Amino acid sequence: MRLSLLDHGHRRRVKLFLALTSATSRVDSPDIVKMLLYRPGFLTRPLLELTADAMRGPSYWTAGEREYLAMCTARLHRCPFCIDTHAELTRIAGHGEIDPDDPESARPQLRAVRRFLELTSLTPDRINAAEATAGLADVPEHALQEALRVNLVWNIVNRLANAFGFTLREGQLHSGTRALHRFGYRFPSFLLSDGPAAGHGDAVADLRRLVLEAPATTDPALRAAAMAGEPLPEPWQSYATTVRAPRTGSPKRTWTGSPPTGARKTRSSRSPWRPPSARHCTASTPAGTHWRA
């Protein structure tokens with residue numbers, strides 16, 4: 001579902017910022033930026049605080065390894081926009097330490113935590129403790145917590161990207177990923193000055209409070225019911241189902257403009273480009289899943 005508000009419903013300062021950056025880079029602002037800068041006081045401030053710390057703060061995991069985990073989470077949710085974005089960011093931030101096309105290039109601790117995150121994402125209510133913790137003996141507890149923070153961020157963003165139909169347009173993969181890496185997932189503060197400050201000191205608690213309790217168009221009780229998976233009146237029930245449910249079948253991409261960096265030609269004239277990220281995280285890819293551009 002594509003919401004016109006995410007294209008045209010921004011405040012004046014944000015519209016000027018988007019117009020200026022698009023004119024400077026000669027690339028339209030990515031869908032993720034447009035979403036984050038719409039009503040930033042409701043979601044964006046605590047989410048970006050959590051994201052910046054999870055992806056670029058001090059950690060047992062390198063920045064490249066965290067981008068790799070983000071890419072693997074996107075594979076679980078079959079999110080084309082996020083798969084290709086984080087595959088490119090893995091290359092940029094990793095400086096060759098890990099190949100996003102080759103899961104075996106990851107160090108053993110990263111492979112073990114990737115399998116753990118796969119289980120917690122796909123079957124959180126049916127986890128076998130022995131199976132989930134297999135191979136994690138060499139992973140410190142704080143490293144596991146840091147990986148869970150990365151997974152939390154992209155579990156949220158992947159679902160939003162799928163629900164709103166995010167698309168990578170010509171030039172966005174190159175310019176957008178480099179801007180994200182350069183600024184460490186942070187936006188200028190003047191773009192985020194909307195609504196009351198969270199101020200709890202815990203980004204996860206702030207995110208939860210603002211999304212579930214802060215004044216907004218929808219009633220807090222409705223938001224709490226949606227979070228808990230309780231029955232909702234229409235049209236909210238259909239929308240919540242779309243956001244919560246994992247994607248099934250073969251995720252398909254339609255590239256607009258030129259193919260992204262690293263895309264390769266296939267023999268089929270009907271599918272002229274196949275993103276290399278289709279092969280990423282083979283352990284997390286359901287049988288029969290493939291990509292077609």
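Since this is a predicted model, take the numbers as computed values, not measurements. This chain uses plain numbering: 1 for the first residue, then up along the sequence.
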Linking I/L/V/M/F/W/Y whenever any side-chain heavy atoms sit under 4.5 Å apart, do Val153 and Ile156 land together? yes
How far apart are the C-alpha atoms of Arg178 and Glu88, what are their side-chain angles, what is the distance that settles it, and do they pass the side chain to side chain contact (heavy atoms under 4.5 Å, CB included) test? CA-CA 9 Å; Arg178 281 147 184 83; Glu88 187 73 1; 3.2 Å; yes
Does the side chain of Leu18 reach to within under 4.5 Å of the side chain of Lys15, using non-hydrogen atoms? no
So, taking the atom named CG in Leu173 and the one named OG1 in Thr85, what distance separates them when rounded to the nearest 0.5 Å? 6.0 Å
Given the options Asp99, Asp84, Asp101, Arg91 meets salt bridge (charged side-chain N to carboxylate O under 4.0 Å, His left out) only with Asp101
Can Phe81 and Thr167 be said to form a side chain to side chain contact (heavy atoms under 4.5 Å, CB included), step by step? CA-CA 6 Å; Phe81 181 94; Thr167 302; 5.8 Å; no
I would like to know whether His181 and Thr177 meet side chain to side chain contact (heavy atoms under 4.5 Å, CB included); could you show each step before the answer? CA-CA 6 Å; His181 181 61; Thr177 51; over 6 Å; no
Residues Leu48 and Tyr185: closest non-hydrogen pair is CD2-O, 3.7 Å
Distance (rounded to the nearest 0.5 Å) between Thr73 OG1 and Arg114 CZ: 11.0 Å
Going by an N to O cut-off under 4.0 Å, is there a salt bridge joining Arg169 and Asp31? yes
Are the side chains of Val150 and Leu117 in touch, meaning some heavy atoms are under 4.5 Å apart? no
Measuring from atom CD1 of Ile92 to atom CG of Leu180, what distance do you get when rounded to the nearest 0.5 angstrom? 9.0 Å
Looking at Asp202 and Arg208, does any basic side-chain N land under 4.0 Å from a carboxylate oxygen? no
How far apart are the C-alpha atoms of Tyr38 and Arg11, what are their side-chain angles, what is the distance that settles it, and do they pass the side chain to side chain donor-acceptor pair (under 3.5 Å) test? CA-CA 8 Å; Tyr38 174 73; Arg11 296 172 301 162; over 6 Å; no
I want to check something: taking the side chain as every heavy atom from C-beta on, are Glu234 and Tyr239 in contact at a cut-off of under 4.5 Å? no
Does Arg39 count as lying over the ring of Phe42, i.e. NZ or CZ under 6.0 Å from the six-ring centre, within 45 degrees of the axis? yes
Test item: Trp154 and His86 side chains (from C-beta on) under 4.5 Å apart, heavy atoms: yes
Considering all heavy atoms, the nearest Trp61-Val139 contact: CZ2-CG1, 4.1 Å
Spell out, yes or no, whether Phe190 and Leu192 are grouped together once hydrophobic residues are joined by side-chain heavy atoms under 4.5 Å, including indirect joins. yes
Is it the case that the side chain of Ser105 and the backbone of Asp102 share a donor-acceptor pair, with hydrogens and angles ignored and the cut-off at 3.5 Å? yes
Is any side-chain heavy atom of Asn151 closer than 4.5 Å to a side-chain heavy atom of Ser121? yes
Taking C-beta and beyond as the side chain, do Ser29 and Thr21 meet within less than 4.5 Å on heavy atoms? yes
May I ask you to say whether Arg115 pairs ionically with Glu118, meaning some side-chain N is under 4.0 Å from a carboxylate O? no
Salt bridge (charged side-chain N to carboxylate O under 4.0 Å, His left out) contacts in which one or both residues fall within residues 59-74, not counting sequence neighbours: Arg56-Glu67, Glu65-Arg107
Same apolar cluster: Phe166 and Val33, side chain cutoff 4.5 Å: yes
Under a 4.5 Å cut-off applied to non-hydrogen side-chain atoms, are Leu43 and Leu207 in contact? yes
Show, in sequence, the C-alpha distance, side-chain angles and deciding distance for Asn158 and Leu76, and conclude whether the side chain to side chain contact (heavy atoms under 4.5 Å, CB included) test is met. CA-CA 9 Å; Asn158 293 167; Leu76 296 178; over 6 Å; no
Would you sort out whether Asn162 and His77 count as a side chain to side chain donor-acceptor pair (under 3.5 Å), showing the intermediate values? CA-CA 8 Å; Asn162 284 339; His77 291 291; 5.7 Å; no
Are Ile98 and Tyr60 in one and the same hydrophobic cluster, where Ile, Leu, Val, Met, Phe, Trp and Tyr link if side-chain heavy atoms are under 4.5 Å apart? yes
Which atom names give the shortest non-hydrogen contact between Pro215 and Arg223, and what distance separates them? C-NH2, 4.3 Å
His10 side, atom NE2; Leu37 side, atom CG - distance, nearest 0.5 Å: 6.0 Å
Candidate pair Ser175 and Ser25, rule side chain to side chain donor-acceptor pair (under 3.5 Å), full reasoning: CA-CA 8 Å; Ser175 63; Ser25 65; 5.2 Å; no
I need the minimum non-hydrogen distance between Leu47 and Val157, along with the two atoms involved. CD2-CG2, 4.3 Å
Note, Arg13 side chain near Ser193 side chain (heavy atom, < 4.5 Å): yes
Looking at every heavy atom in both Pro220 and Leu212, which two are closest together, and how far apart are they? CB-O, 3.4 Å
Could you give the distance from SG (Cys79) to CE (Met71), rounded to the nearest 0.5 Å? 13.0 Å
Should Leu232 and Met227 be counted in the same cluster of Ile, Leu, Val, Met, Phe, Trp and Tyr side chains packed under 4.5 Å apart? no
Which atom pair, heavy atoms only, marks the closest approach of Ala161 to Cys82? CB-SG, 4.1 Å
